[in-house]
Amino acid sequence: MAKKSLGYVQLEWTCPNCSTRNPGPQKTCLSCGMPQPDNVQFEQPAQETLITDAAKLEQAQAGPDIHCHYCGTRNPAAAKTCSQCGADLTEGAKRQSGQVIGAHRDQPAEPILCPACGAANAPDAPKCAQCGASLIQPAAKPSTPPPLPKPAKRSGPMASIGLIVVALLLCAAAITCVVLMTRTSELTGTASDVSWQRTVAIEQLMPVTHQAWRNEVPANTVLGSCSPKLRRTQDDPAPNAREVCGTPYTVDSGSGYGQVVQDCKYEVFEDYCDYTTEEWQRVDEAVLSGNDFAPQWPAPRLTAKQREAGREEKYVCHFTAESGSYSYSSGDPNLLTMCVPGSRWVLNVNSFNAVTGIEPAN
Ligand SMILES: [Zn+2]
Ligand SMILES: [Zn+2]
Ligand SMILES: [Zn+2]
């Protein structure tokens, strides 16, 4: 995340002696003159206005104030010697800074009602204009920085139990299926005739469209249409990147001012393109079949952009038995020579009435 500064606002502090609200850069209480204590916490005013005054802006940007380690006076960050006692400030303690104070308050603030007399006061009034009572609200808790997104809801335990039950049922069905397929019974049959089928697959060079980032489109292809698409999200700004920022919030600068910042990330869009290449695609097959004992391969006529792409062969021996007719198929051409019509065979037949194996009967 990149931190983006929106500018600076003036914070305020409450005098622990007389409860007067003082502007952040004010080093002694406007009301009672008490010096601002070392450990004072700066607070957000009810309404934060971005500073435009050049002199104030310079102070705000200077960094945390330095406390003189001799007399405790608060000096601006740029000071080399204490304005009060003249001591060298290189050993002085810098005010703490960098704490998130709360979400940036850029909305107009409501007037404050005096808790003592009920009079309406300006949001930044140090004290009640009518009776002089302090206008500090006890519940001036700092608000939290922008909330984090809530984690996605996880599915309940019932859903996972359901999934387990479904998985078990599928498992049981698969096991039953395997058992039925492998459990066989033997019966005797007589070979009656044969059949065969030989197939040659045909491929052709065809235009095929793919998609890729423009810089990853392979050479020697035809570029089609392109459109911008989110490629990555990064911390640093980039040309053509879309800036996505969170809620602005105020950070203590340690000088009575606060810096209003936003956490931003940058969505980089790049061209995502269609491109076309020529690739071998299965387009057709040539099939030859017969019921004789001399199988042939089909000889397809291929065009210039076609090629043969693999062969398949299937041979079937047909049997008759008391309980009906059966057939046994194999990719082995030797099945044709073995399947002499009238020869007797022991057939292994599974629960689906399919022949899983044959052997000559004695
Ligand atoms: Zn005071
Ligand atoms: Zn000093
Ligand atoms: Zn009052």
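All heavy atoms count here, side chains included; hydrogens, waters and symmetry mates do not. Order of appearance sets the numbers: ligands from 1, and atoms from 1 within every ligand.
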Item to check | Positive for salt bridge (Lys or Arg N to Asp or Glu O under 4.0 Å) with Lys3, one of Asp263, Asp235, Asp236 | outcome: Asp263
Item to check | Charged N-O contact under 4.0 Å between Lys4 and Glu243 | outcome: yes
Next on the checklist: So if I apply the salt bridge (Lys or Arg N to Asp or Glu O under 4.0 Å) rule between Glu270 and each of Lys229, Arg242, Arg231, which one comes out positive?
Outcome noted: Arg231
Checklist entry - Checking Arg21 against Trp13: charged group under 6.0 Å from the ring centre and within 45 degrees of the axis? => result no
Checklist entry - In degrees, rounded to 10 degrees, what angle do Cys32 atom SG and Cys18 atom SG make at the Zn ion (ligand 1)? => result 120°
Checklist outcome for this item: Cys117 SG to Cys114 SG via the Zn ion (ligand 3), rounded to 10°, gives 110°
Checklist entry - Near the Zn ion (ligand 2), is there an N/O/S atom from Cys85 that is less than 2.8 Å away? => result yes
Item to check | Cys68 atom SG and Cys82 atom SG as seen from the Zn ion (ligand 2), angle to 10 degrees | outcome: 110°
Checklist entry - Which angle, to the nearest 10 degrees, do you find at the Zn ion (ligand 3) between SG in Cys131 and SG in Cys128? => result 110°
Next on the checklist: For the metal site, I want the angle between atom SG of Cys29 and atom SG of Cys15 with the Zn ion (ligand 1) at the apex, to 10°.
Outcome noted: 110°
Next on the checklist: Over 60° means perpendicular and under 30° means parallel, so tell me whether Tyr275 and His210 are parallel, tilted or perpendicular.
Outcome noted: tilted
